[in-house]
Every structure is written in C-alpha cells, then in structure tokens.
Amino acid sequence: MGRREKEFVREITSQEADYSQWYLDVVLKAQLMDYSPVKGCMVIRPYGFALWENIQQGLDRRIKDTGHKNAYFPLFIPESLLQKEAEHVEGFAPEVAWVTHGGSEKLAERLVVRPTSETIICEMYSRWIQSWRDLPVLINQWCNVVRWEKVTRPFLRTSEFLWQEGHTAHRNEEEAEAETLLMLDVYRDFAENDLAVPVIPGRKTENEKFAGALRTYTIEALMSDGKALQAGTSHNLGEHFARVFDITYLDKDGTLKYVWQTSWGASTRLIGAVIMVHGDDRGLALPPKIAPVQAVLVPIAPKQARETVLRRAQALFSELKEAGVRLELDDREEYSAGWKFNEWEMKGVPLRIELGPRDLESGQAVLVRRDTGEKVTAPLAGLGGKVAALLLEIQANMLEKARRFREENTSCTDDYGEFKRIIEERRGLIVSHWCGDSECELAVKEETKATIRCLPFRPEGPPGRCLRCGSQSGTVAYFARAY
RNA sequence: CGGGGCGUAGCGCAGUUUGGUAGCGCGCUUGGUUCGGGACCAAGAGGCCGCAGGUUCAAAUCCUGUCGCUCCGACCA
C-alpha cells in the first residue's frame, strides 16, 4: 500500500503492524460495538446489531426449514439442575455467574445465570416426553448466555454473548446422529453462502468436545492472521443427559427407553469471523447477504449543480430501494465526497454508487466495489439490475477469495520439525496424521500451542505416521493455533 | 489466574524523571466559502488528569491500594 493510500486509513492500525489492534480498531471505529461499564461485556451498537439481525435471519430460516421451532427457556437455572450431569458441571462450573439474592432476601437455592441451557431444557423434556409419538422434539432458542471469562475480546469471547441453541430429542442413536450432522451442515451452508466464510467441518477430539457430549462436531474457519476459529458446534449428547434427567419414552415395542439428544449453537462470534476473514487495512468488508447497508449512494454535488444532482439521487435512491437493495443515501452536506468514500469503506459496505454532474450528463453512475476496489460505470437506466448482479458477484468473489486464502495457508506434513516451523512462521491450517492418542495431542499443544481443530469427515490421501509419535495412522487431523 | 504495557477533553497524544495556574492535533459548536478519494477561513465550547486513601504549604506528577482496557501465557462459543 502506498503512502497516499495509508493516509486514508490513518484511523486503523494496519494488520501487519498489529493484528489484534487492527481488530479492535475495526470493531470500534466501524461502530459495531463499544465497551460497557461491565467488565467483559460489550454494547452491540446499531450497525453491529443490524449485522447480527441479518445473521439471525439467515440462520433462523434454515433452522425452521429443517423442521425446528423456536421457544424460550428461563435465564436462571437452579443450582441442583446444573449439578446433575457430572461432566457438564465440571466443564461449566468455573465460569458461571451466580444469583444468591432476590432483593435483600437470600435465596434458599442459588441460581446460575445460564451458560448454556441443556439442563433446564432437559428438565422440561422429561415432563413433555412420554411416548415415541412425542419424538422427535426439535426446539431452538435465541438468547443470551453468560460465561464468566477471564480474558475477553469483542465478539470473539465476551462474558455475555448472544446465540441460538438448538436442543432436540430422538428415539435412537441413528436419528440423533443424523440430526447432529444435519445441523452441522446447516452451519456450513450458512457460513459459506451467507457469510462467505469457507469452513472445514469435522469432529472434535475427546479433549476438545463439549462438556457432557458423546461426540462434538464443528465447523472451523481460518482467519487472515493464520489462526483458526471455531464458528459453530453441533453435539450428539447420547443418552448422558436423558439418564440423569430421566427423559424416557415408551417405544413401539412396549419398552421404556432413554431419548438420544443433540444440541447445537452458533453465536455472535460469527461476527468476529466475518471481520477477520474479509477485513483489510481499510477496515471492514461485509458480504452483501449480511451487510446492513449493501450499497451507499453518494451524490457529488458542487454548488452549481446541487439541486439537480440531489433530485436525481433521490429518485435513484427510491428506485433502487424498490428493487430490494438495502441502500443508504449519504447526502450529508458537512462531509466531502472523499471523506464519505473512506468512511463507508471502513464500514464495509460492499458497493458504492457515485452520482455527480458529469454522470448526469452522460446518463450513468459510477459503481465501486469494496472487495476489489474496481470502478465501473453503468447506465442509469436499469441500474437496479446491474447493482443486484454486482452484489451477487461480490458475494461469490468474497467466498472465492477466502477459499483461496485458506488453500494457500493449508499445509500437509507428518514431519514434526516442519510442523513446528510452519506454526511459528506461517501459521495457517496443517493437515497431519495423528495416532488418535490423547497424549500426542496434548504434547503437540504443549510444544507448539497448536490444537486439533477437527478430524475431517473425508480424510484425504494415504495412511502415514503420527506427527508426534510416528506410529502408523490412517487418521488425519487439522491442526492450528486457535482463538 | 500469573507476567508486561496503558488510563490526562469525544479520539490520538504531550506534560510525570526534577511537585508550583492543564496543553497540542483531530473531532465538536457557530458563521462563511467548499464538494469526482479524509476541503478551507474565522470565532468558540469542552477536564474531579480512572477511582480511593496517604505524604506535602502545594499532587496529573511522589507513596499505597483499587478498578478498567490491552498484550503474552494456563481455561473456554
């Protein structure tokens, strides 16, 4: 980037200089969030929340299309409920917030502020489920959860965050497993098609799985600094919770059986993924499908032509709005055109439409893409179609670009020395053979800070030797340093 | 939870070493000129120097404590 270009983005630290600071500059200056008086908690500002609402819409539609219904369960969970599943408590106890008083009265039983809702939902399912005819139960809820984190980062890890959590109950393992994988694929589809974030679906190791789950599946994304981010998880809970919460049903054959359950969730962390996959030194870059503002119309209005240009801009604005584009008209007089260009780029708006006196003379508008910086002119007649087409192209290009980046930053090796070198110098994802032993996994983590992000469903290539211990292995794992 | 860095105007910082009337740039307000990649002139407003104690005639400055943000490690969506 030349010096001239740097001047435009003087408000944002460059990724190269300090990636973490870049991220913080972007979330603050694009006004996605602000810090709050409560440690670890953030305020999601209107622009950030609009982004979240678009994410919600895309996910909610898919969740409903796969037969689930939304419901709402309480924020507070009695301590005794949380205690029931041993692994689950152990996993979450260190980071729960407790309610000990109601007004000035001490509570007979402490309440936890939900860190996740398995327990309270199981409590209800045990009442609701009696017969095989009651199954499957397919419920989702959108809510906030609280996990008392020691180290927080906006969107990536906050003490309170927003998410959806699906909780289902099924007759048997087969159905539960199918549901678990179906929802993982819903997340994959959403991440790729709406967020333009390519992901690697796979299974978590025993060490990395959800507290209380039988199996955990994940979609993993690669950020532009070479670190991986878990972008959504889907758990097959087996009969673990059913046994302790006594969720049983009378099956067709007349015997009483435990249900098989699943749970799956995706959170405001997805916003962090979008920022770190697509953002650059100019700031945010949002894929059109979730961008709160898909295109901004900037009139260039010198004094002599102001009236004419503004009138025409207004008309174009209404026309494009009607065509279904999420559009903003920036006719603020106190800012110069150039200032606006930079601000909207920082906010990640996918497309800018410039309309000035010269354009009016030639009956066209100037369109500038956020993803490539490419500038094209298009006739005013039928501009709606052109804009819609460009937005689709931008969406596709952003996914393609992210995919290319991920491919260029995925290495394959079974050589531990090389593995260490890659992790230190280049980072990214590393596909290596793994013997399946937890000891090797933990040793690699200890020695390189890289963890197994997931075990892919379709391991490619021939068998090899475990990265760490060298024993024969047909299993490959994706390793990376992670957020 | 351990180690480092930072808290002074909305934002970015100087001032702290050596205690003595709180400063700069950007932004903000008003008026005017401007508008095709962060325009310009003029006049203004804005501070319990993170918070609480202490030392002192006097504290942004020295001491103690505390809170917050941040980076690096151990735990997590």
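Bear in mind the structure is a predicted one, so any value in this text is a computation, not a measurement. Quick note on labels: first sequence line is chain A, next is B, and so on, each numbered from 1.
- In this structure, Lys204(A) is not positioned above the aromatic face of Tyr217(A) in the sense of NZ or CZ being under 6.0 Å from the six-membered ring centre and within 45° of the axis.
- Remark: side-chain polar atoms of Asn409(A) are not paired, donor with acceptor, to backbone N or O of Arg427(A) under 3.5 angstrom.
- For rA39(B), the OP1/OP2 oxygens have a side-chain nitrogen or oxygen of Ser336(A) closer than 4.0 Å.
- Regarding Trp339(A), its CH2 atom lies at a distance of 10 Å from the C1' atom of rG27(B), rounded to whole Å.
- For the 3.5 Å distance criterion, the side chains of Thr218(A) and Glu220(A) qualify, holding a donor opposite an acceptor.
- A side-chain donor-acceptor contact under 3.5 Å links Asp225(A) and Tyr483(A).
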Going through the checks in order, is the side chain to side chain contact (heavy atoms under 4.5 Å, CB included) test met by Leu32(A) and Ile44(A)? CA-CA 6 Å; Leu32(A) 295 178; Ile44(A) 303 176; over 6 Å; no
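- No cation-pi contact links Arg269(A) to Phe155(A), judged by a cut-off of 6.0 Å to the six-membered ring centre and 45° from its axis.
- In this pair, Phe161(A) lays its aromatic ring flat on the base of rA77(B), centres within 5.5 Å and planes under 30 degrees apart.
- Spacing between atom CG of Leu28(A) and atom C1' of rC11(B) amounts to 11 Å, rounded to whole angstrom units.
- Taking atom CZ on Phe210(A) and atom P on rC75(B), their separation rounds to 18 Å, with Å as the unit.
- Following rounding to the nearest Å, Glu334(A) (CD) and rU30(B) (P) show an atom-to-atom distance of 10 Å.
- Nucleotides of RNA chain B nearest to Thr158(A) and Lys340(A) differ in position, and the one nearer the 5' end is that of Lys340(A).
- The nearest heavy atom of RNA chain B to Gly356(A) and to His235(A) marks one nucleotide each, and the one closer to the 5' end goes with Gly356(A).
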Output one line per pair: protein atom, nucleotide atom from nucleotides 4-8 of chain B, and distance, for all N/O pairs under 3.5 Å.
none

Result block: side-chain N/O donor-acceptor pairs under 3.5 angstrom for residues 189-196 of chain A, not counting sequence neighbours:
| residue | atom | partner | partner atom | Å |
| --- | --- | --- | --- | --- |
| Asp189(A) | OD1 | Asn193(A) | ND2 | 2.6 |
| Asp189(A) | OD2 | Arg62(A) | NE | 2.8 |
| Asp189(A) | OD2 | Arg62(A) | NH2 | 3.3 |
| Glu192(A) | OE1 | Arg188(A) | NH1 | 2.9 |
| Glu192(A) | OE2 | Val199(A) | N | 3.4 |
| Asn193(A) | ND2 | Asp189(A) | O | 3.2 |
| Asp194(A) | OD1 | Arg62(A) | NH2 | 3.1 |
| Asp194(A) | OD2 | Arg62(A) | NH1 | 3.2 |

Sort me out a list of protein N/O and nucleotides 66-72 of chain B N/O pairs below 3.5 Å, or just none if empty.
| residue | atom | partner | partner atom | Å |
| --- | --- | --- | --- | --- |
| rC69(B) | OP1 | Gly40(A) | N | 3.1 |
| rC69(B) | OP2 | Lys39(A) | NZ | 3.2 |
| rC69(B) | O3' | Tyr35(A) | OH | 3.4 |
| rU70(B) | OP1 | Tyr35(A) | OH | 2.4 |
| rC71(B) | OP1 | Arg153(A) | NH2 | 3.4 |

